[in-house]
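Remarks on the structure that follows.
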Amino acid sequence: MQRCNLTSRIIVFVVLTLSLASPSQAAAETLFVGYSDWPGWVAWEVAVEKDWFAEAGVDVQFEWFDYAASMEAFAAGQLDAVTMTNGDALVTGSTGAQSVMIIIGDYSNGNDMVVAAPGIKSVSELKGKRVGVEIGFVSHLLLLDALESVGLTEADVELVNVPTNEAPQVLASRDVDAIVAWQPNSGQSLSRVPGSTAIYTSGDQPGLIYDVLAVSPRSLYANREEWSKVVDVWYRVVDYILDPATVDDALSIMSARVGLSPEEYAPLLAGTRLLRREEAKGLYQETEGFDSLHGSTSISNDFNLRYEVYRDPQDLEAYIDSSFTLGK
Amino acid sequence: MTKLDLPNYKDQSPEVKARFDDLKQRDVILDVKHLGKIFDSAKGPVTALEDINFQVHRREFVTVIGPSGCGKSTLIRTLAGLESATSGEVLLEGAAVSGPGPDRGMVFQGYTLFPWLTVKKNVMFGLRNQGVSAVEAESEALEWINLVGLEKFAEVYPDQLSGGMKQRVAIARALAAKPRILLMDEPFGALDAQTRSKMQAYLLEIWRHIDITILFITHDLDEAIYLADRILVLDAHPGRVSELIEVPVSRPRAPEQLLRPEFLAARQRLDELIHPPGQGDEEVGKLNMLRFANVGEEVQPQN
Amino acid sequence: MTSAPWLAPRIALSQQRERVLTLLSFLLPLLIWAAVSYTPFIWHPNMEITEPGSVNYFQEGMQIERETFQEEYNTQLEAGGELPQGFRANPVYLPAPHEVAIAFYTSFTTEPRRRSEQWLHESLWHSIQIIFWGFTLSSILGVPLGILSGTFAAVSRLHEPFIEFFRYLPAPAFGALAVAILGIYDGPKIAIIFIGTFFQQVLVISNTTRKLDIALLEAALTLGANRRQLLFKVVIPGVLPQLYKDQRILLGWAWTYLIVAELIGTSSGITWFITQQARYQNFDNVFAAIMMIGIIGLLSDLLLARLGKRLFPWERSSNKS
């Protein structure tokens with residue numbers, strides 16, 4: 001009977017919806033990873049497209065999100081791992097969704113920029129000017145670093161809270177004298193406002209922002225073997241992208257993920273410094289400053305505390321697990 | 001207004017008198033005792049009805065008339081159970097009534113046909129509520145539709161009918177549910193004069209052929225007399241029974257009787273009760289006289 | 001016989017005129033759009049550079065405000081440098097009609113480049129399903145509740161004050177909660193459509209129910225209808241045509257929640273396409289996608305209007321006007 005059919009279908013649907021709601025304990029088999037639009041994370045698409053996880057004998061499901069939505073889903077316990085910056089890992093962790101960074105995938109090498117309106121050619125000229133920045137997030141950190149590099153402090157500029165994806169329009173409106181953003185917004189700001197200059201970029205301070213794969217402690221504990229295989233696949237991806245013989249294939253896969261042509265995508269990739277295993281190993285020393293994950297994360301922690309993103313200092317040791325990269 | 005030289009409205013011909021004697025012997029269908037209704041309004045309680053007493057006998061036709069604000073509508077809605085009485089009681093064949101029920105059928109001025117049902121389904125509505133099978137209800141409904149002369153329209157939706165036809169369906173629908181009394185709230189008030197007089201004839205014809213008691217509200221004096229055995233005249237503010245007039249006109253009724261002296265006598269009495277002199281209603285009265293005088297062919301309009 | 005004036009108050013138009021005006025209602029905005037796009041002296045606040053000349057930061061293909069262009073042009077004129085060349089252009093946010101038409105066509109015919117990618121029509125279909133389920137689940141609860149509270153004052157009092165409060169809360173704000181409870185896939189998206197629809201639905205339908213002529217209920221009472229019969233044989237059939245129209249309007253509202261709903265959890269559907277294309281400034285694709293939503297909405301509404309005429313034959317005569 002028609003009606004029974006529909007009713008039963010609705011019941012099936014409701015049951016399915018509810019079953020989605022139950023925590024993913026049953027996913028001990030499948031690892032769910034959320035990733036989003038940043039070249040260092042889009043890189044995973046190469047492994048997905050080429051089925052390298054199956055080859056490595058690990059069942060991984062990558063799900064595409066908006067960046068903020070991916071962290072939300074991770075915080076809600078719906079994902080086993082998520083790609084984010086080391087600073088945001090702390091912020092997410094402070095709300096109760098702790099994570100362990102097991103891969104340092106890349107650091108921003110020029111993609112994050114302070115873009116100044118025509119006429120301003122250096123950071124020191126920012127004194128007394130209005131700067132649009134998403135307050136409390138990585139761009140803010142970059143701005144502080146830029147100011148510090150010329151002996152200025154935050155007190156020397158006027159901050160305007162601008163969402164990163166609106167940066168190009170805001171700069172074009174000339175309501176601010178500079179904006180801070182990352183790609184693609186930083187590049188668009190440059191092309192939208194003729195005569196504007198990138199007066200400071202993450203390339204000036206490598207290691208300010210590390211992009212990582214952060215795994216929930218529970219999943220890491222339960223599936224250590226599996227995650228180890230995921231890490232191996234990652235370094236295979238990095239090698240593939242950095243190999244001049246295969247970079248074009250990698251670019252075509254990655255650009256397809258975000259709906260661009262490979263040519264359009266190449267410059268975005270260039271601003272991202274992907275790290276081979278050997279390079280990454282060097283970033284696990286416990287040093288001060290930006291040339292280690294510890295140092296960079298510690299600076300983020302101080303920054304977050306200063307801007308009251310959270311109140312209690314995070315236990316950085318628990319956030320970093322170098323064993324996957326350093327080798328078994 | 002010129003006073004006509006008319007007989008006393010209380011004088012009854014032997015035939016009429018015999019009919020009333022017979023009526024009074026019949027069972028009391030509706031017994032209204034000390035009925036009162038007070039509404040709460042923002043300005044305090046308003047007495048709509050006060051100490052209403054009357055009885056309606058089996059197969060009697062009673063019309064209710066009164067100036068606006070006399071509570072005619074409140075009265076009939078209370079009898080139907082759509083409003084609750086503040087005091088007193090209503091007995092239907094001896095049993096007190098509270099809420100609405102199928103034993104008191106109602107016909108509204110606004111037709112109130114169910115627009116999503118065909119004429120036939122409308123008429124079947126009451127029967128189906130009472131658990132009559134679909135087949136039986138259908139054949140009964142068709143009989144009623146026949147009786148009101150709408151057999152060609154059984155499968156038509158109400159919005160394709162004229163006002164008079166709609167009201168005939170409404171009457172058929174109310175009667176099909178087999179009420180003990182039919183309450184009619186200005187049912188022909190929205191109809192044009194011609195349709196209205198046809199409908200009056202229809203109603204009297206139906207009433208003559210079936211065992212039904214009718215309480216009929218109107219604001220039209222001629223209609224009140226033409227249809228009724230007795231007329232319940234109400235006063236306004238508060239609504240009270242002013243007089244219960246026995247209509248001195250013989251049955252069966254025909255349009256010619258509108259000009260009979262006894263009809264005019266009753267007419268004059270109603271006029272006095274409803275439009276007491278010195279209340280500025282003279283003009284209305286004159287216009288009414290003109291209208292009904294025009295209907296007749298032998299009589300010239302009075303100036 | 002002279003034909004009636006075009007502007008006669010409350011007089012129905014002839015069918016021919018109706019058709020002409022319907023066509024115009026679409027043509028006029030299209031004409032304005034075309035005029036702004038193709039007539040260089042209307043708007044076109046920018047210059048697109050074809051020849052950078054001696055201006056150091058100019059690049060071929062770059063857009064720049066006309067004033068700035070003029071300044072640089074004058075500067076070069078005085079300095080005797082090479083003059084920049086360009087033509088007037090609209091900002092990238094406003095693609096021309098033909099660009100959108102091409103984008104419309106190619107977006108449907110472009111094969112997915114990745115294995116896990118969907119064809120555009122599959123994405124659209126996914127969005128339609130989100131709407132369908134969100135709206136259906138909302139209706140399963142909202143329509144009966146609306147009818148009950150329109151019929152019984154007690155039911156209305158019990159929840160309408162709360163709903164009056166809740167309906168002002170922005171549905172998207174429940175995104176994180178929906179993800180935590182319903183996962184990352186379609187569950188939370190459907191939930192947002194549900195929240196966006198349900199509360200309005202209950203209020204709209206209870207209001208429609210309350211507008212049913214009370215005399216019909218009274219007539220049914222005097223015909224011996226009990227409470228159940230009143231509800232099922234009078235109230236429900238009585239409000240059905242208007243309820244159906246309400247549902248059509250509510251379905252339109254549900255569509256407006258799609259874009260926020262699909263941003264929650266995994267990126268999917270037509271929203272993924274729109275946001276991704278907007279992020280990389282491909283506004284011809286964005287416009288094409290917006291048009292698709294409009295077309296789907298309009299067509300489904302026309303279809304439902306047709307269906308309505310069949311479902312409610314007694315409304316036919318009043319539908320004519």
Side-chain angles (χ1 to χ4, degrees), chain A residues 6-7 10 13-14 16-24 32 34 36-37 45 48-51 62-66 68-79 118 165 168-169 172 184-185 187-188 190-197 252-261 264-265 268, chain C residues 46-47 49 52 55-59 61-65 68-69 71-72 91-93 107 110 112-117 129 133 136-137 140 175-188 190-191 194 262-268 271-273 275-282 285:
Chain A
L6 181 64
T7 316
I10 290 166
F13 170 78
V14 171
L16 277 178
T17 312
L18 291 177
S19 67
L20 273 176
S22 59
S24 45
F32 285 90
S36 48
D37 196 353
E45 193 66 24
V48 173
E49 189 70 8
K50 293 196 170 295
D51 243 347
F62 269 79
E63 294 294 349
W64 184 262
F65 286 87
D66 257 28
S70 72
M71 290 187 287
E72 242 169 40
F74 178 78
Q78 300 289 347
L79 292 171
N165 58 351
Q169 295 94 297
N185 304 300
Q188 279 162 13
L190 281 171
S191 61
R192 181 78 55 73
V193 184
S196 62
T197 334
S252 90
I253 294 172
M254 291 167 70
S255 60
R257 172 71 263 188
V258 299
L260 287 182
S261 69
E264 289 171 298
Y265 204 68
L268 304 186
Chain C
N46 291 348
M47 292 295 282
I49 293 162
V55 186
N56 54 8
Y57 64 85
F58 278 14
Q59 287 167 22
M62 174 192 247
Q63 281 202 5
I64 188 166
E65 280 165 37
T68 321
F69 182 87
E71 277 168 30
E72 297 292 351
V92 289
Y93 310 118
S107 55
T110 308
R113 286 198 282 160
R114 292 172 297 116
R115 283 186 304 144
S116 55
E117 198 179 346
Q129 284 176 307
W133 284 111
T136 303
L137 288 177
I140 287 173
L177 181 65
V179 166
I181 299 172
L182 296 168
I184 54 176
Y185 299 105
D186 293 347
I190 292 171
F194 178 93
E262 286 192 325
L263 282 179
I264 290 160
T266 57
S267 301
S268 71
T271 306
W272 144 249
F273 182 81
T275 51
Q276 198 67 18
Q277 294 301 325
R279 182 172 297 156
Y280 293 102
Q281 311 266 304
N282 296 327
N285 284 335

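On a predicted model such as this, the values are computed, not experimentally measured, just so you know. In what follows, every chain begins at residue 1, and chains take the letters A, B, ... in the order their sequences are listed.
Each of A/T197, A/L260, A/N185 has some count of heavy-atom pairs under 4.5 Å with chain C, and the biggest count is that of A/L260. When C/A176, C/A191, C/G175 are compared by the number of non-hydrogen pairs under 4.5 Å with chain A, C/A176 comes out ahead. For the set A/V258, A/I253, A/D66, A/V193, the entry with the most heavy-atom pairs within less than 4.5 Å of chain C is A/V258.
Only the backbone of A/S252 comes within contact range of chain C, judged by heavy atoms closer than 4.5 Å. Only the side chain of A/Q188 comes within less than 4.5 Å of a heavy atom of chain C; its backbone N, CA, C and O stay farther away. At a 4.5 Å heavy-atom cutoff, the contact between C/Q277 and chain A is made by side-chain atoms alone. Interface residue C/Y93: only side-chain heavy atoms are found under 4.5 Å from chain A. Using a 4.5 Å cut-off between heavy atoms, C/T68 does not touch chain A at all. Heavy-atom distances place the side chain of A/A69, and not its backbone, under 4.5 Å from chain C.
Taking CD1 of C/I190 as the reference point, atom CD1 of C/I264 lies at 12.0 Å (rounded to 0.5 Å). Remark: A/E63 CD to A/L79 CG distance equals 8.0 Å, nearest 0.5 Å. Note: C/S268 OG to C/I184 CD1 = 11.0 Å, rounded to the nearest 0.5 Å.
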| said: Would C/N46 and C/F69 count as a side chain to side chain contact (heavy atoms under 4.5 Å, CB included) here? Give the steps. | reply: CA-CA 8 Å; C/N46 291 348; C/F69 182 87; over 6 Å; no

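Panel note: side chain A/Q78, backbone C/V179; a donor-acceptor pair is recorded below 3.5 Å. A donor-acceptor pair under 3.5 Å is formed between the side chain of C/E262 and the backbone N or O of C/T271.
A/F65 is linked by a ring-ring contact (aromatic ring centres under 6.0 Å, His included) to nothing, counting only residues two or more places apart in sequence or in another chain.
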